[in-house]
Amino acid sequence: MGSPLTHRAASLTNSARLWNSIMRIAEIGAIEGNGSCRLSLTDEDKEARDLFRSWVTAAGCEVRVDNFGNIYAIRRGARDDLPAVLIGSHLDTQPHGGRFDGVLGVMAGLEVVRSLNDAGIETEAPIAVVNWTNEEGVRFKPGLTGSCGFVGALPSGNESSISSSDGSRYYAELARIGYAGQDHPPDVSAYFEMHIEQGPVLENAGAIIGIVEGVQGVRWFEIDFLGQDAHAGTTPMNDRRDSFLAASRYALSFLERAMDVDPDVRVTFGRVEVEPNSTNTIPGRTKLVLDLRHIDEHVLDRVELLMSEQGEPLKALGFGFSINRIMNVRPASFDRDLNLVVERAAYSLSMPSLHLPSGAMHDASNLAAVVPSAMIFIPSRHGISHNPLEWSEPMHVGHGCEVLCRAVLEAAKA
């Protein structure tokens, strides 16, 4: 943890304005409990996008929208032939989301631009703020869609490469809400993403700034169990092929075996779909959606092999069994030089910092594969996220943005 200085430098950013921007976005898709629901490419997402676009236009930025619907707001530099320093995150949320996840990073980028305008500071390189499309992956899969497209990990314009949970078509929905763009993204020299930690480490350590060393790899799978529909009252228990019970036994056994490989592995069965979903019918088909995470790709490979092995006994009992991997985000390491830039900024502002990994996936995971990238975390109260109770203190929001601003200025050579 960095040692605080005796005197803190004067702030460049306006923490009250930043807070007000976050709270204004939170009003769009507001839900009970002070949370937000803005699923990607819905009317609520459009409204948030439109507001962001109006704010960056008022701040003098050039706005571009690419084929994936990513929005780039570009503040010119003294040398526009140089690649831009990119800042960003996302405006879409979970169904029962909070006010800060993703939104903080986009609004902090906006505040950096506004503050540099206020101070009359010209950077040598341009600075760009991005809103990535469909980071959360709730309505469309894979998640991190926009940043996957940016780094070339997803083909543009191919509807079959993006699946939907509600029957919608990704590119049709982009067009419907007015964000089916054709612009080229800016060239980028560095990427910064400010985010809430979504965990308790910083709060427990009494640190203000988290310097993220890397992000766990994430793999998503659809696991399909096929039994047989049958009457709940007339079918004896020993004559049933109940797909839900088979899926349940599979999940418990697989979890135990995965933990034997490495106790730090993260296994989450976050979605269950049962057919025909009738109270008095034995479910003939069950689908589990598995979220698998670890910082070591070799561990992920070993655990993934277990998934198929675990299904063999079910096949012997007459169940259909199949696995479809629907997303693979490799573990990412962030740039050491940029992390030093963040660390120096925190130290100069007397803000205790802590190096830590990220257990959640972020668009920065994708960016790190093609451009030097860094993430800045601020504390989350009780570590709660993906929940209306998600909360970060205004002081921490402001401090994190100030560190971001100083780091960006160094990278963009003010």
Side-chain angles (χ1 to χ4, degrees), residues 2-25 52 55-62 73-80 82 84-89 100 103-131 188-196 207-212 337-353 373-379 392-414:
S3 300
L5 300 178
T6 303
H7 300 290
R8 177 170 292 164
S11 294
L12 283 171
T13 55
N14 185 329
S15 60
R17 178 171 58 193
L18 170 58
W19 185 262
N20 289 337
S21 299
I22 294 169
M23 293 302 109
R24 174 65 185 88
I25 292 288
F52 170 64
W55 282 341
V56 295
T57 300
C61 294
E62 173 197 351
I74 305 168
R75 182 183 190 261
R76 299 186 63 178
R79 290 188 53 190
D80 284 338
L82 293 176
V85 174
L86 187 62
I87 315 167
S89 197
F100 301 91
V103 178
L104 172 65
V106 181
M107 294 299 100
L110 169 63
E111 180 54 38
V112 168
V113 168
R114 285 170 164 172
S115 296
L116 297 185
N117 289 347
D118 292 346
I121 296 175
E122 183 180 48
T123 55
E124 185 175 355
I127 293 173
V129 183
V130 61
N131 168 46
V188 174
S189 63
Y191 176 66
F192 291 91
E193 183 166 343
M194 178 178 164
H195 209 280
I196 58 172
I208 296 175
I209 300 298
I211 301 169
V212 186
D337 290 337
L338 284 189
N339 276 353
L340 286 174
V341 169
V342 174
E343 189 168 28
R344 283 195 296 270
Y347 185 83
S348 71
L349 293 163
S350 308
M351 296 179 188
S353 63
S373 301
M375 286 198 75
I376 299 170
F377 277 175
I378 64 168
S392 290
E393 297 298 334
M395 177 183 69
H396 294 150
V397 168
H399 288 344
C401 187
E402 187 66 23
V403 169
L404 172 69
C405 185
R406 304 279 171 159
V408 167
L409 281 174
E410 182 172 340
K413 298 179 174 60

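With respect to the salt-bridge test (charged N to carboxylate O, under 4.0 angstrom), the residues Arg344 and Glu410 qualify.
For the atom pair CD1 of Ile22 and CZ of Arg24, the computed distance is 14.0 Å after rounding to the nearest 0.5 Å. The CG atom of Leu349 sits 7.0 Å away from atom OG of Ser11, with the distance rounded to the nearest 0.5 Å.
Put simply, the side chain of Glu193 does not reach to within 4.5 Å of the side chain of Ile87, judged on heavy atoms. In this structure, the side chains of Val397 and Ser15 stay at 4.5 Å or more apart for every pair of heavy atoms. Looking at heavy atoms from C-beta onward, Asn117 lies in side-chain contact with Arg75 at the 4.5 angstrom threshold. Residues Ile376 and His195 form no side-chain contact, since every pair of their non-hydrogen atoms from C-beta on lies 4.5 Å or further apart. Side-chain contact between Leu338 and Phe192 is present, with at least one heavy-atom pair separated by less than 4.5 Å.
Closest non-hydrogen pair, Ile196 versus Ser392, comes out as CG2-OG, 3.2 Å. For Cys401 against Leu18, the heavy-atom pair with the smallest separation is CB-CD2, 3.5 Å. Nearest heavy atoms, Asn339 versus Ala374: OD1-CB, 3.7 Å. Of all the heavy atoms in Ala73 and Phe52, the pair that sits closest is CB-CZ, 4.5 Å. Of all non-hydrogen atoms in Ala207 and Ser353, the two that sit nearest each other are CB-C, 4.4 Å.
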- Task: Walk me through it: do Val129 and Cys61 pass the test side chain to side chain contact (heavy atoms under 4.5 Å, CB included)?
- Result: CA-CA 9 Å; Val129 183; Cys61 294; over 6 Å; no

- Task: Apply side chain to side chain contact (heavy atoms under 4.5 Å, CB included) to Leu116 and Leu409, showing your working.
- Result: CA-CA 9 Å; Leu116 297 185; Leu409 281 174; 3.6 Å; yes

- Message: Evaluate Phe100 against Ile378 for side chain to side chain contact (heavy atoms under 4.5 Å, CB included), listing each step before the verdict.
- Response: CA-CA 11 Å; Phe100 301 91; Ile378 64 168; over 6 Å; no

Extract all donor-acceptor atom pairs below 3.5 Å that involve side chains of residues 103-113 and protein atoms in other chains or at least two apart in sequence.
unit_1	atom_1	unit_2	atom_2	d
Glu111	OE1	Arg17	NE	2.9
Glu111	OE2	Asn14	N	3.0
Glu111	OE2	Arg17	NE	3.4
Glu111	OE2	Arg17	NH2	2.8
Glu111	OE2	Ser115	OG	2.6

Atom pairs and distances, side-chain donor-acceptor, residues 120-128, under 3.5 Å, sequence neighbours left out:
unit_1	atom_1	unit_2	atom_2	d
Thr123	OG1	Ala125	O	2.6

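For Met395, the side chain to side chain contact (heavy atoms under 4.5 Å, CB included) partners two or more places apart in sequence, or in a different chain, are His399. Evaluation of the side chain to side chain donor-acceptor pair (under 3.5 Å) rule for Thr13 yields Glu402 as partners, not counting sequence neighbours. For Asn20, the side chain to side chain donor-acceptor pair (under 3.5 Å) criterion is met by no residue, not counting sequence neighbours. Residues that satisfy the ring pair (Phe, Tyr, Trp, His ring centres under 6.0 Å) test with Trp55, not counting sequence neighbours, are absent from this structure.
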